[in-house]
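Residue numbers start at 1 and run along the sequence shown. Note that the coordinates shown come from a computational prediction; the quantities given were computed from them, not determined experimentally.
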Amino acid sequence: MAVTSSRTLRLLSLLQQRRHWSGTDLADRLGVSLRTLRRDVERLRELGYPVDAQPGVAGGYALAPGAALPPLVLDDEEAVALAVGLGAAASTGVAGLAEPSVRALAKVVPVMPARLRRRVDALRAVTVPGTWGAGGGGAGAAADVLTAVALACRDGERLAFTYTAADGVRTDRTVDPYRLVPLGSAWYLVAWDPDRADWRVFRLDRADAPRGTGRPFAPRPLPADDVAAWVRERVSGGPQRWRVEAVVEASAAQARRRVPWWLSVEDEPGGRCRVRLDVDDLLWAATALGLVGARFTVVSPPELVATLEEVAGRFAAAGRAGAAAAPDPA
């Protein structure tokens with residue numbers, strides 16, 4: 001009976017992966033006869049999964065949309081990715097996403113096996129959110145790399161891996177891992193390197209086969225209060241140049257709703273708010289303030305005023321050109 005149940009779950013997983021399967025392909029994947037496949041399909045239907053079957057040479061099986069969402073079948077990596085993604089959506093402040101994301105998390109995480117909950121909790125506990133639009137590019141980290149490093153961070157366990165530097169040189173590293181920082185599409189590890197007696201930042205898509213050594217390390221203070229800003233300074237080649245401050249003629253709630261990732265916001269008297277953000281390029285600041293959708297006054301730096309005048313001139317010129325090219329209504 002256990003073999004049959006396991007095979008039925010495997011069949012459901014296959015049907016979720018692809019829109020249409022031929023009966024022969026499914027039977028080969030499962031290692032069963034076509035007759036056994038038909039019985040397994042019937043079991044899924046009895047459980048509430050609407051499986052369509054088309055006869056003939058071009059026929060096969062497809063999982064059709066149902067009236068209600070049955071339980072999903074996820075492998076380990078999919079389950080961890082789902083929980084982490086829901087957690088990120090719950091904290092973005094995007095209107096309409098936070099509440100359903102929290103509800104979904106409340107349903108998904110409690111039914112996870114203990115080994116998966118441990119991975120999800122570790123990743124959430126040691127991740128420091130970065131700033132939208134910042135980062136050094138690069139590929140995203142593999143899920144197994146990310147969770148292995150997160151567990152070592154959370155458990156205070158010394159970590160070993162092979163690292164490929166930007167110039168292609170590969171070295172074996174053993175470090176004390178502390179925090180994970182996602183910037184743009186890349187993930188970075190903040191770690192103390194005992195061989196170099198200094199803090200280091202490692203891009204995780206360049207880390208191969210990270211593994212815990214089983215050796216604990218004594219905690220030490222982090223290199224900065226704002227770890228995400230500290231990492232950004234290092235991956236961008238220097239400190240951020242501009243610290244922007246402006247007073248916006250809108251509430252803090254409106255500013256957070258329109259631009260949830262970029263701005264630090266606090267209420268001001270009279271229904272206004274004060275926003276602050278750190279940027280490498282003042283065009284980012286002009287874009288963020290423009291997206292709020294309200295009048296604002298620049299407090300600092302004065303160079304932002306010149307950038308805004310330049311951007312306004314380009315928009316005005318584009319508007320005039322568009323009006324001149326428009327056909328005569330007559």
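- V275 pairs in a side chain to side chain contact (heavy atoms under 4.5 Å, CB included) with only one of the listed residues (V248, V244, V292, V299), which is V248.
- Under 4.0 Å is where a charged nitrogen must lie from a carboxylate oxygen, and between D198 and R200 at least one such pair does.
- Counting non-hydrogen atoms of neighbouring residues, nucleotides and ligands closer than 6.0 angstrom, the CZ atom of R45 exceeds 12 such neighbours.
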Show every donor-acceptor pair shorter than 3.5 Å between a side-chain atom in residues 301-308 and any protein atom, with sequence neighbours excluded, or say none if there are none.
| residue | atom | partner | partner atom | Å |
| --- | --- | --- | --- | --- |
| T307 | OG1 | E303 | O | 3.3 |

**Prompt:** Do R154 and L151 pass the side-chain contact (heavy atoms from CB on, under 4.5 Å) test, and can you show the C-alpha distance, the side-chain angles, and the key distance before you say yes or no?
**Reply:** CA-CA 5 Å; R154 192 198 66 175; L151 286 171; 4.3 Å; yes
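- Side-chain atoms of R258 come within 3.5 Å of backbone atoms of L291 as a donor-acceptor pair (strictly under, hydrogens ignored).
- Using a 4.5 Å cut-off between side-chain heavy atoms of Ile, Leu, Val, Met, Phe, Trp and Tyr, with links allowed through other members, V311 and W284 fall into different hydrophobic clusters.
- Between A294 and A250, the closest heavy-atom pair is CB-CB, 3.8 Å.
- Between atom OG of residue S251 and atom CD of residue E268 there is a gap of 12.5 Å, rounded to the nearest 0.5 Å.
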**Stepwise side-chain contact (heavy atoms from CB on, under 4.5 Å) test for V181 and W230** = CA-CA 10 Å; V181 179; W230 185 83; over 6 Å; no
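- Remark: side-chain polar atoms of W187 are not paired, donor with acceptor, to backbone N or O of D205 under 3.5 angstrom.
- For the atom pair CG (D193) and OG1 (T174), the distance works out to 8.5 Å, reported to the nearest 0.5 Å.
- How far CD of E249 is from CZ of R272: 5.5 Å, rounded to the nearest 0.5 Å.
- Of the inter-residue distances, the one linking R173 atom CZ with D195 atom CG reads 8.0 Å to the nearest 0.5 angstrom.
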Show the atom names and distances, to 0.1 Å, of all donor-acceptor pairs under 3.5 Å that link a side chain in residues 155-168 to residues at least two apart or in another chain.
| residue | atom | partner | partner atom | Å |
| --- | --- | --- | --- | --- |
| D155 | OD2 | R118 | NH2 | 2.9 |
| E157 | OE2 | T213 | N | 3.3 |
| E157 | OE2 | G214 | N | 2.6 |
| R158 | NE | D176 | OD1 | 2.6 |
| R158 | NH2 | D176 | OD1 | 3.1 |
| R158 | NH2 | D176 | OD2 | 3.3 |
| T162 | OG1 | D172 | OD1 | 2.9 |
| Y163 | OH | R203 | N | 2.9 |
| T164 | OG1 | R170 | NH1 | 3.1 |
| D167 | OD1 | V169 | N | 3.1 |

**Request:** Would you please test L189 and C153 for side-chain contact (heavy atoms from CB on, under 4.5 Å) and show each step?
**Result:** CA-CA 9 Å; L189 167 65; C153 290; 3.8 Å; yes
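- Taking OG1 of T8 as the start and CZ of R39 as the end, the distance is 10.5 Å to the nearest 0.5 Å.
- Partner of L63 under the side chain to side chain contact (heavy atoms under 4.5 Å, CB included) criterion, chosen from L11, L15, L44, L14: L15.
- In this structure, R256 contributes its side chain and V265 its backbone to a donor-acceptor pair below 3.5 Å.
- Contact record, A150 with L180: CB-CD1, 3.9 Å, taken as the closest heavy-atom pair.
- A 4.5 Å side-chain heavy-atom check between Y188 and R179 finds every atom pair outside the cut-off.
- By the 4.0 Å N-to-carboxylate-O rule, R314 lies close enough to E310 to be salt-bridged with it.
- Neither V247 nor L282 shares a network with the other; the hydrophobic side chains, linked directly or stepwise wherever heavy atoms of I, L, V, M, F, W or Y lie under 4.5 Å apart, form separate groups for each.
- The aromatic ring centres of W192 and F217 sit 6.0 Å or more apart.
- Closest heavy-atom contact between Q254 and G293: NE2-O, 4.1 Å.
- Judged purely by atom type and a 3.5 angstrom limit, T36 has no side-chain atom pairing as donor or acceptor with the backbone of V32.
- At least one donor-acceptor pair closer than 3.5 Å links the side chain of Y178 to the backbone N or O of R220.
- Of the inter-residue distances, the one linking L34 atom CG with S22 atom OG reads 9.0 Å to the nearest 0.5 angstrom.
- The two residues Y61 and G23 come nearest to each other via the heavy atoms CE1-CA, 3.9 Å.
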**Asked** Could you go step by step and tell me if E245 and R274 meet the side-chain contact (heavy atoms from CB on, under 4.5 Å) rule?
**Response** CA-CA 7 Å; E245 183 174 343; R274 186 174 297 266; 2.7 Å; yes
